[in-house]
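Working notes for the structure below.
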Amino acid sequence: MNCTVSWTEKTVMGVARLWFALLMLSGGVALFGGACRFADVEVMPQEVLRSFSMTWWERPWGYRLIGDTNVLREAGIRRNPDYVTRRADVEATLKLGGLSSVLALYGPHDEPRLVIHGVYFKDRDKFENYVQIQRTRRRPVRAFEKETRDGWWHVSFARDADLIYKERELRSLHRGIHRYQRRLNMDEIFDEFHRGRPPPNES
Amino acid sequence: MTSLCRHCFRYLCVAFGLAVLFPSASGADAETQPTEPSFVDLQHDRLSDWILRPAEGINRYFREAFTRDEDKESRLIQRFYGDRLSAEEVRGTYITISPILTIHEKEDVNVDVDFSARLRLRQIHDRLRIFADSRDPDHDILEGVFSPQYRRELEEDERDAGAAGLIYMITERADRSLSLSSGLRYRRGVSPKIRLRGTLDYPFAAWNARVAQSAFWDRQTGFGEKTELSFRRSFLEIGRFGSTSAATWSETSQGVDWGQFLSCSAHFSPRKSLALKTGIRGHTHPSTVPQQYAIRIPYRQRIFRDWLFIELEPGADFLRENDYRFTPLMNITLDIVLGSFGSD
């Protein structure tokens with residue numbers, strides 16, 4: 001009987017020791033592996049895209065995110081909204097002093113009538129240079145700046161200069177942009193929205 | 001002499017009255033200028049477009065000619081935002097127009113219009129630019145002191161002329177530069193001109209020394225060279241002191257044309273500055289003799305945005321042809337900048 005107990009005790013102790021050893025080994029492996037593994041960071045965080053999207057409350061009446069792949073391809077993005085990754089567009093952003101840019105297209109029936117373009121800058125001088133360029137374009141654009149911990153986002157809303165927007169549509173656009181500005185707490189840089197074609201006389 | 005003093009006093013009163021009233025009336029003293037575009041802004045934009053759009057067109061033509069479709073920026077972004085790259089490429093393309101009105105004791109009023117234009121061609125080469133200037137600086141040894149008599153003298157000797165052509169910056173660094181320009185001088189006929197110019201900056205203690213050397217050839221005046229040595233320093237945060245010595249020799253100069261001017265200026269704000277300039281110039285052939293002493297007190301004020309400036313410059317010349325008599329004058333200059341002049 002004593003022998004049986006002793007054998008059981010030995011077995012239990014042995015299993016416990018083995019368990020402890022495995023635990024220590026796995027802990028060590030986990031620690032070692034964790035140290036060697038590259039930090040799990042997102043270079044293009046999805047939260048940014050979510051922030052840049054207009055909520056249903058901000059979207060102009062009848063507008064939605066455009067999903068037509070041909071239009072998205074023309075804009076150089078794969079989803080909507082998305083980071084701009086096409087080489088020529090990335091090069092253009094870099095030449096203009098930006099580090100990264102995002103794009104969102106809105107409109108009724110897959111016809112883009114409003115574009116949100118965000119360009120991220122780490123250097124204030126380059127940001128201001130970009131603002132100056134945007135101004136000289138004299139395009140129907142409203143531009144805002146959003147200061148972050150490490151840099152600045154230049155967020156601009158553009159409407160198509162060649163399309164006609166009705167008075168009601170323009171009002172809805174301005175209202176949506178205003179709500180968007182309040183949500184993201186952005187400062188307005190300039191408003192050139194009036195430069196597009198004037199609305200038709202509805203009287 | 002009494003009437004002369006009365007004349008001078010009147011000019012001075014008019015000048016400073018303009019300096020005080022004109023900017024106040026236009027709201028230039030306000031720290032923040034209106035952000036809403038006014039009628040004047042729109043007209044300025046329109047005139048700037050005449051300069052920038054052709055420049056953008058040239059750059060775009062060269063960019064698109066050598067770029068495959070897949071390497072071009074998204075057409076949709078261009079449709080909404082315009083061609084942003086062209087706008088970046090023409091930064092530093094501008095024209096400065098400077099009407100100068102000189103009220104002079106002997107000749108009443110003299111009017112000149114200077115201009116200087118630069119067109120950047122970054123798509124062809126970042127260091128290449130087209131230039132067009134109403135004045136040729138190579139023969140002018142008192143560049144910082146405007147004097148209508150001296151200008152007329154240069155014009156009579158066919159040494160002053162407008163020039164247009166291409167500049168290639170062989171080296172362009174903060175402390176040194178070397179450029180080669182070739183083009184045409186135009187006034188009383190057209191003649192080709194080539195010029196090589198180098199500058200070297202050397203800071204020591206609070207001073208900055210600069211040596212500039214130009215060598216040039218044009219068919220009308222032949223070979224020539226110009227050497228400049230200048231020293232500058234800042235003091236008391238708003239003050240700047242400068243000294244420039246220049247000497248030019250050319251096949252049409254009277255021996256060596258030499259000049260020296262000192263300037264001391266106070267920059268009260270980015271909008272206002274006041275300076276005192278004194279200068280002397282002469283030549284060495286047939287004998288070394290000073291031709292002119294000059295004194296100027298320019299007051300410069302930004303009038304509107306960052307493209308319209310006024311400079312009121314009372315002063316006096318002491319010319320050899322007038323037996324070094326005190327000859328008062330007043331220069332009133334407007335500087336109008338059109339185009340994209342943020343950086344060059």
Side-chain angles (χ1 to χ4, degrees), chain A residues 66 70-77 84-98 101 103 105 107 111-117 119 125-126 128-141 143 154 156-163 188-192 194-196, chain B residues 32-38 41-53 55-56 59-60 63-64 66-94 120 122-123 126 305-307 337-344:
Chain A
I66 286 169
N70 289 327
V71 178
L72 300 187
R73 198 178 305 120
E74 196 191 347
I77 52 179
V84 176
T85 50
R86 210 172 72 139
R87 193 171 59 86
D89 295 318
V90 172
E91 275 178 11
T93 302
L94 289 171
K95 275 183 189 169
L96 295 164
S101 64
L103 202 63
L105 313 176
E111 176 202 5
R113 288 175 78 83
L114 176 71
V115 171
I116 306 179
H117 190 210
V119 185
D125 288 344
K126 287 175 179 168
E128 279 168 7
N129 181 35
Y130 185 78
V131 170
Q132 186 67 24
I133 288 166
Q134 287 289 307
R135 273 188 211 275
T136 61
R137 297 293 71 208
R138 299 191 245 296
R139 288 271 163 169
V141 171
H154 180 281
S156 56
F157 295 79
R159 69 182 177 106
D160 194 325
D162 296 327
L163 298 180
E188 182 154 8
I189 309 171
F190 61 85
D191 179 2
E192 302 269 312
H194 59 275
R195 290 206 185 263
Chain B
T32 52
Q33 298 221 8
T35 49
E36 286 296 313
S38 63
D41 285 311
L42 294 176
Q43 296 311 310
H44 178 257
D45 285 354
R46 189 173 296 172
L47 290 170
S48 289
D49 278 352
W50 287 359
I51 295 150
L52 293 176
R53 297 299 169 252
E56 284 176 18
N59 274 299
R60 194 181 306 125
R63 175 149 41 86
E64 297 201 344
F66 301 109
T67 311
R68 292 176 305 171
D69 270 352
E70 57 268 32
D71 292 338
K72 288 177 186 167
E73 200 187 3
S74 154
R75 290 207 181 280
L76 194 132
I77 295 180
Q78 281 196 11
R79 205 171 91 206
F80 279 82
Y81 288 95
D83 192 339
R84 300 172 303 157
L85 283 179
S86 289
E88 169 63 14
E89 282 160 1
V90 298
R91 277 181 78 77
T93 295
Y94 64 89
R120 297 299 299 256
R122 286 202 169 93
Q123 201 53 47
D126 199 35
R305 307 281 189 206
D306 50 357
W307 54 265
V337 191
L338 303 171
S340 171
F341 43 89
S343 65
D344 190 6

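Protein chains get the first letters and strands the later ones, always in sequence-line order, with residue 1 at the start of each.
Only the backbone of R159(A) comes within less than 4.5 Å of a heavy atom in chain B; its side chain stays farther off. Contacts of Y130(A) with chain B are made by side-chain atoms alone, with heavy-atom separations under 4.5 Å and no backbone atom involved. Heavy atoms closer than 4.5 Å to chain B are found nowhere in E91(A), neither backbone nor side chain. Contacts between L114(A) and chain B at a heavy-atom distance below 4.5 Å involve the backbone alone (N, CA, C, O). Using a 4.5 Å cut-off between heavy atoms, V141(A) touches chain B through its side chain atoms alone.
A salt bridge between E111(A) and R113(A) is present, with a side-chain N of the basic residue lying under 4.0 Å from a carboxylate O of the acidic one.
Checked against salt bridge (Lys or Arg N to Asp or Glu O under 4.0 Å), R53(B) has the following partners two or more places apart in sequence or in another chain: D49(B), E56(B).
Here the shortest heavy-atom pairing between S101(A) and T93(A) reads OG-OG1, 3.6 Å.
For the set A161(A), A75(A), P140(A), the entry with the most heavy-atom pairs within less than 4.5 Å of chain B is A75(A).
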Worked check of side-chain contact (heavy atoms from CB on, under 4.5 Å) between Y81(B) and V115(A): CA-CA 9 Å; Y81(B) 288 95; V115(A) 171; 3.8 Å; yes
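Note: F190(A) CZ to Q134(A) CD = 5.0 Å, rounded to the nearest 0.5 Å.
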